[in-house]
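In what follows, a structure is listed as structure tokens, so that the remarks can point back to it.
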There are 2 protein chains.
Amino acid sequence: MTTTPIATTASAAPHAAAKATAPAADLARPDGSPVRVLVVDDETPLADLLSMALRYEGWQVRTEGDGASALRAARESRPDAVVLDVMLPDMDGLEVLARLRRETPDVPVLFLTAKDAVEDRIAGLTAGGDDYVTKPFSLEEVVARLRGLLRRSGAAAVRNESLLTVGDLVLNEDSHEVSRGGVGIHLTATEFELLRYLMRNPRRVLSKAQILDRVWSYDFGGQANVVELYISYLRRKIDVGRPPMIHTRRGAGYLIKPAEAA
Amino acid sequence: MTTTPIATTASAAPHAAAKATAPAADLARPDGSPVRVLVVDDETPLADLLSMALRYEGWQVRTEGDGASALRAARESRPDAVVLDVMLPDMDGLEVLARLRRETPDVPVLFLTAKDAVEDRIAGLTAGGDDYVTKPFSLEEVVARLRGLLRRSGAAAVRNESLLTVGDLVLNEDSHEVSRGGVGIHLTATEFELLRYLMRNPRRVLSKAQILDRVWSYDFGGQANVVELYISYLRRKIDVGRPPMIHTRRGAGYLIKPAEAA
DNA sequence: GCGCATTCTCAGACGATTCACAGAATCGGC
DNA sequence: GCCGATTCTGTGAATCGTCTGAGAATGCGC
């Protein structure tokens with residue numbers, strides 16, 4: 001089976017192209033062991049994509065393809081969080097949730113759901129501390145949500161605040177507020193995710209392909225230069241008229257760092 | 001086809017145009033044994049070129065020419081990293097990836113791909129921390145990427161930060177930044193790779209042929225004096241107005257070393 | 001259902017980079 | 001000190017990568 005249903009333009013960078021990111025692992029269980037995540041999805045390519053991305057966060061991932069196995073797995077391995085597709089072959093996602101709750105009452109769940117199905121069914125989930133993401137999602141988003149869940153559940157040691165800071169630029173993941181030098185900046189959803197990704201990897205060159213893979217949803221099939229475009233947008237809002245923080249590494253990608261004193 | 005289940009550390013640095021670099025081996029597995037790399041490519045000359053270069057890094061290399069054998073090899077020898085040509089005779093590169101993932105979920109993969117094929121096929125690959133390089137590539141680039149993957153995967157003991165230092169000259173592989181005496185220096189992509197190669201082999205004479213083989217892509221057909229030209233560029237940016245670090249060994253090549261006190 | 005916000009494509013402009021060529025400078029041997 | 005070989009570097013042209021404006025398409029809130 002193929003791992004990637006994706007079709008995308010990646011960057012056309014001759015020399016440097018992609019460079020992987022930091023193995024974050026800045027979330028860990030209280031005893032220091034890696035966070036355990038259970039991914040439940042019957043679409044193999046998607047499950048693979050997710051598990052790759054989550055492993056890359058330094059988490060321990062186990063995947064299951066249906067509700068029954070998921071429940072068994074949860075019982076056995078006691079995950080710190082669950083990623084659960086609401087559409088499963090054998091049973092309904094909410095059904096799984098209910099049973100899960102009976103087994104492991106405190107584990108936070110991140111639901112994956114089709115966009116139109118959100119309506120009445122998923123509402124109320126967030127009240128219980130759970131969260132959801134609509135397909136097609138971006139990996140940045142899934143990871144961010146999962147981090148949020150883990151942080152709030154207390155399962156993971158809170159090494160990580162929801163504030164990202166690079167120089168005088170501050171991004172609040174909870175409120176989605178961004179400011180530079182104390183002055184608020186309005187960003188669109190995409191701009192926000194792009195900036196978050198950059199700020200989570202300060203002083204590290206991120207290739208256009210990486211950015212695309214991470215910030216855009218997995219089914220994005222467009223031109224790679226959206227990345228250039230959004231970098232351009234961000235610069236207008238963040239760097240305009242002050243020492244720049246977003247830098248281009250020609251042929252390699254982009255990086256963000258505190259503005260130079262000079 | 002080409003199946004070289006050999007395993008060797010390079011030791012001797014032969015003559016001329018070959019790669020006679022340092023037997024680096026500064027990356028090793030946690031238990032101290034050499035890093036194991038699986039190269040999967042059906043183009044024999046390319047596979048040979050790669051395996052020579054990687055062996056010379058002190059790594060243990062095994063090469064396979066098709067997907068099926070590659071999977072078998074991966075299962076048997078449990079490599080620490082895989083170099084995978086996306087175009088294979090029997091099966092698609094992504095197919096191989098997916099199966100590989102199921103066998104050995106955590107092994108990082110470096111993809112080799114034609115430049116124009118990058119577009120829609122490679123997407124999603126960098127998401128899991130994997131990386132890719134477009135053909136024609138330079139050996140320096142492949143090795144650097146592979147190092148990056150190994151370093152981040154944790155398979156290799158982290159003896160090696162992404163910082164290269166020679167005297168007061170510092171090169172950061174993550175941010176692609178270079179500075180001498182604390183002052184930032186802007187380098188182009190080619191200059192950067194050349195300097196990286198020099199700095200990885202301090203106090204060692206590197207011939208123009210070696211440099212060409214290593215820093216320029218394998219299909220470069222131009223004049224050999226590009227090397228002189230780029231050395232000249234580097235000197236202007238690095239050595240100008242201070243004790244020189246880049247030295248010419250007439251008739252032999254170039255070397256870099258900390259500036260003399262005198 | 002209307003209008004504003006957002007996302008994205010396309011294509012031209014611009015600047016940076018790479019490289020060939022050729023003459024100038026330097027070195028080493030005699 | 002002279003000569004040939006080697007290395008250095010200025011010039012310029014072609015190419016490549018990035019940036020950005022204009023506007024079409026889509027989505028979202030009211």
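Just so it is clear, the model here is predicted, and its values are computed rather than measured.
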OP1, OP2 of [N] versus side-chain N and O of [X]: anything below 4.0 Å?
X        : N      : answer
B:Arg236 : D:dT9  : no
B:Ser232 : D:dT9  : yes
A:Lys208 : D:dT18 : yes
B:Thr188 : C:dA16 : no
B:Trp216 : C:dT18 : no
B:Thr248 : D:dC8  : yes
B:His247 : C:dC27 : no
B:Gln223 : C:dC21 : yes

Nucleotide nearest B:Tyr230 (side chain, heavy atoms from C-beta), chosen from C:dA20, C:dC8, C:dT18:
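The answer is C:dT18.
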I want to verify a distance call: between D:dC8, C:dT7, C:dT17, whose nearest atom is closest to the B:His186 side chain?
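Nearest nucleotide to the side chain: C:dT17.
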Tell me whether the rings of B:His176 and B:Phe192 are parallel (<30°), tilted (30 to 60°) or perpendicular (>60°).
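If you compare the ring of B:His176 with that of B:Phe192, the planes turn out parallel.
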N/O donor-acceptor pair, side chain B:Arg250 with base C:dT26, under 3.5 angstrom
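Side chain to base: pair found, below 3.5 Å.
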With a 3.5 Å cut-off and just heavy-atom distances, do the side chain of A:Tyr233 and the base of C:dC8 make a donor-acceptor pair?
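Looking at the base of C:dC8, it does pair with a donor or acceptor on the side chain of A:Tyr233 (distance under 3.5 Å).
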Strictly below 4.0 Å, N to O, side chains only: are A:Glu173 and A:Arg152 in salt-bridge contact?
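Salt bridge: no.
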How close or far is atom [atom2] of [N] from atom [atom1] of [X], stated in whole angstroms?
X        : N      : atom1 : atom2 : value
A:Glu193 : C:dT6  : CD    : P     : 15 Å
B:Glu228 : C:dA24 : CD    : P     : 17 Å
B:Arg235 : C:dT26 : CZ    : C1'   : 12 Å
B:His176 : C:dA16 : NE2   : P     : 20 Å
A:Leu187 : C:dT7  : CG    : C1'   : 15 Å
A:Arg249 : D:dC19 : CZ    : C1'   : 17 Å

Rounded to the nearest 0.5 Å, how far does CG of A:Leu194 lie from CE of A:Met199?
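So the CE of A:Met199 and the CG of A:Leu194 are separated by 11.5 Å.
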At what distance, to the nearest 0.5 angstrom, does CD1 of A:Ile246 lie from CG of A:Leu169?
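The distance works out to 8.0 Å.
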Are the side chains of B:Tyr233 and B:Leu187 in contact, using a 4.5 Å heavy-atom criterion?
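Counting from C-beta outward, B:Leu187 and B:Tyr233 never come under 4.5 Å.
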Which comes earlier along DNA chain C counting from the 5' end, the contact point of B:Asn225 or that of B:Phe220, where each point is its nearest nucleotide?
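So the residue in question is B:Phe220.
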With sugar-phosphate meaning primed atoms plus P, OP1 and OP2, does B:Leu229 contact a base, only sugar-phosphate, or nothing at under 4.0 Å between heavy atoms?
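Answer is base: heavy atoms of B:Leu229 come under 4.0 Å of a base.
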Could you tell me whether B:Phe192 contacts a base, only the sugar-phosphate backbone, or nothing, with contacts defined as non-hydrogen atoms closer than 4.0 Å?
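Counting heavy atoms under 4.0 Å across all strands, no contact is made by B:Phe192.
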